[in-house]
Amino acid sequence: MKKPALLVVLSLAAISGLLAGCVPVVVGGAATGANIVHDRRTTGTFIEDQSIEFKAYEALGKAGDLKKQSHINVTSYNLIVLLTGETPTEEYRSRAEQIVSSLPRVRRVYNELSVAAPSSLMSRSSDTVITTKVKTSLLGIDIKGFDPTRVKVVTERGNVYLMGLVTHSEGDAAAEKTRHVGGVQRVVKLFEYLD
C-alpha cells in the first residue's frame with residue numbers, strides 16, 4: 001500500500017475510533033479502511049454501523065440477566081440491525097429488540113433471536129466454517145460489476161443471513177450460491193435493493 005493511501009486508512013481508523021469512543025475500532029482500523037473502498041455505503045454510514053454494534057453490545061451488557069443468560073450477536077448494515085443467537089425466554093427476546101431499537105440512528109431491527117439455550121462452542125465454530133464457505137462461493141458469481149465483499153454474511157445455527165446494498169440480480173445470485181453450500185439450513189435475504 002502506498003504511503004498516502006495508508007495515511008487515509010489510518011486517518012479513517014482514528015476518526016472511527018473517536019466517533020465510536022473505543023480503542024478496538026482504531027486497532028482494527030486498517031481492515032476497516034480496506035473494506036470502505038469496496039462498500040456501497042457511505043464512509044459515514046460504514047463508521048456509524050460499527051458504532052451501532054458497539055453501542056448495542058454495551059447496552060445489552062448492562063441488561064443484567066439478559067446478558068448473562070443469552071448469546072446475542074449484533075450486526076448493523078446501513079443502519080439496519082440483525083440480532084441473532086439465543087435467549088431463554090420470549091421476554092428476553094423482546095427486551096433485546098427494544099434495547100437495540102432505542103439506539104440512535106437505528107432504522108430497523110430484524111430480531112432473529114431463538115428462544116433456546118445458548119449455542120455450544122462447537123455449533124458456533126461450525127457456523128464460522130459455513131460463513132467462510134459462503135463467502136468463498138460468492139467469488140464464483142459472474143455478474144458484471146459484482147463485488148462479493150459487498151454482501152455481509154452472518155450464520156447462526158446453520159441459518160445464513162445475507163445483508164447488503166445490491167441489485168435484485170446480485171441478491172438472487174448470492175442467495176442461490178449460498179443455498180448450495182454444505183451445512184446451510186436456511187437462507188434469509190435481508191438485502192436493500194438498488195434497482
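Note that these values count all heavy atoms, side chains included, but never hydrogens, waters or copies made by symmetry.
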Is there a donor-acceptor pair closer than 3.5 Å between any side-chain N or O of [X] and the backbone N or O of [Y]?
X: E53; Y: S76; answer: yes
X: S51; Y: I47; answer: no
X: K133; Y: G182; answer: yes
X: D39; Y: R41; answer: yes
X: R95; Y: A63; answer: yes
X: D127; Y: G158; answer: yes
X: S126; Y: M122; answer: no
X: Y57; Y: V74; answer: yes
X: N111; Y: S94; answer: no

Of R150, K144, R40, which meets salt bridge (Lys or Arg N to Asp or Glu O under 4.0 Å) against E170? R40
Heavy-atom pair of closest approach, residues [X] and [Y]:
X: K189; Y: G171; result: CD-O, 3.9 Å
X: I143; Y: A173; result: CD1-CB, 3.8 Å
X: S137; Y: V181; result: OG-CG2, 3.7 Å
X: P88; Y: V115; result: O-CG1, 3.4 Å
X: S119; Y: E156; result: OG-OE2, 4.0 Å
X: I72; Y: A96; result: CD1-CB, 4.0 Å

Sorted by chain and number, sequence neighbours left out, side-chain hydrogen bond (donor to acceptor under 3.5 Å, both in side chains) with R157 holds for E86, S114
Say whether [X] and [Y] are linked into one hydrophobic cluster, either directly or through other cluster members, by side-chain heavy-atom distances under 4.5 angstrom.
X: L190; Y: L162; result: no
X: F54; Y: L103; result: no
X: V188; Y: V184; result: no
X: I141; Y: V160; result: yes
X: V109; Y: L66; result: yes

May I ask you to check whether R93 and T87 show a side-chain donor-acceptor distance below 3.5 Å? no
Under a plain distance cut-off of 3.5 Å, with no hydrogens placed, do T42 and T45 share a side-chain donor-acceptor pair? yes
If you define the side chain from C-beta out and look only at heavy atoms, does anything of [X] sit under 4.5 Å from [Y]?
X: V166; Y: Y193; value: yes
X: N73; Y: V154; value: no
X: V129; Y: T155; value: no
X: T84; Y: N159; value: no

Is it true that, when you exclude [X] itself, more than 12 heavy atoms of the residues, nucleotides or ligands shown sit nearer than 6.0 Å to its [atom1]?
X: K67; atom1: NZ; result: no
X: R108; atom1: CZ; result: no
X: Q69; atom1: CD; result: yes

Hey, could you give me the [atom1]/[atom2] distance between [X] and [Y], rounded to the nearest 0.5 Å?
X: F146; Y: L139; atom1: CZ; atom2: CG; result: 8.5 Å
X: T131; Y: Y161; atom1: OG1; atom2: OH; result: 11.5 Å
X: L165; Y: Y77; atom1: CG; atom2: OH; result: 4.5 Å

Check the pair L113, Y92 against side chain to side chain contact (heavy atoms under 4.5 Å, CB included), reporting the backbone distance first and the verdict last. CA-CA 10 Å; L113 289 169; Y92 282 166; over 6 Å; no
Tell me every residue that passes side chain to side chain contact (heavy atoms under 4.5 Å, CB included) with R105, counting only those two or more places apart in sequence or in another chain. E48, I52, L79
Could you tell me whether K55 and E58 have a side-chain N and a carboxylate O separated by less than 4.0 Å? no
Would you please test I130 and V153 for side chain to side chain contact (heavy atoms under 4.5 Å, CB included) and show each step? CA-CA 10 Å; I130 291 170; V153 180; over 6 Å; no
After noting the C-alpha distance and the side-chain angles of M163 and T75, does the key distance pass the side chain to side chain contact (heavy atoms under 4.5 Å, CB included) rule? CA-CA 9 Å; M163 302 176 83; T75 306; 4.1 Å; yes
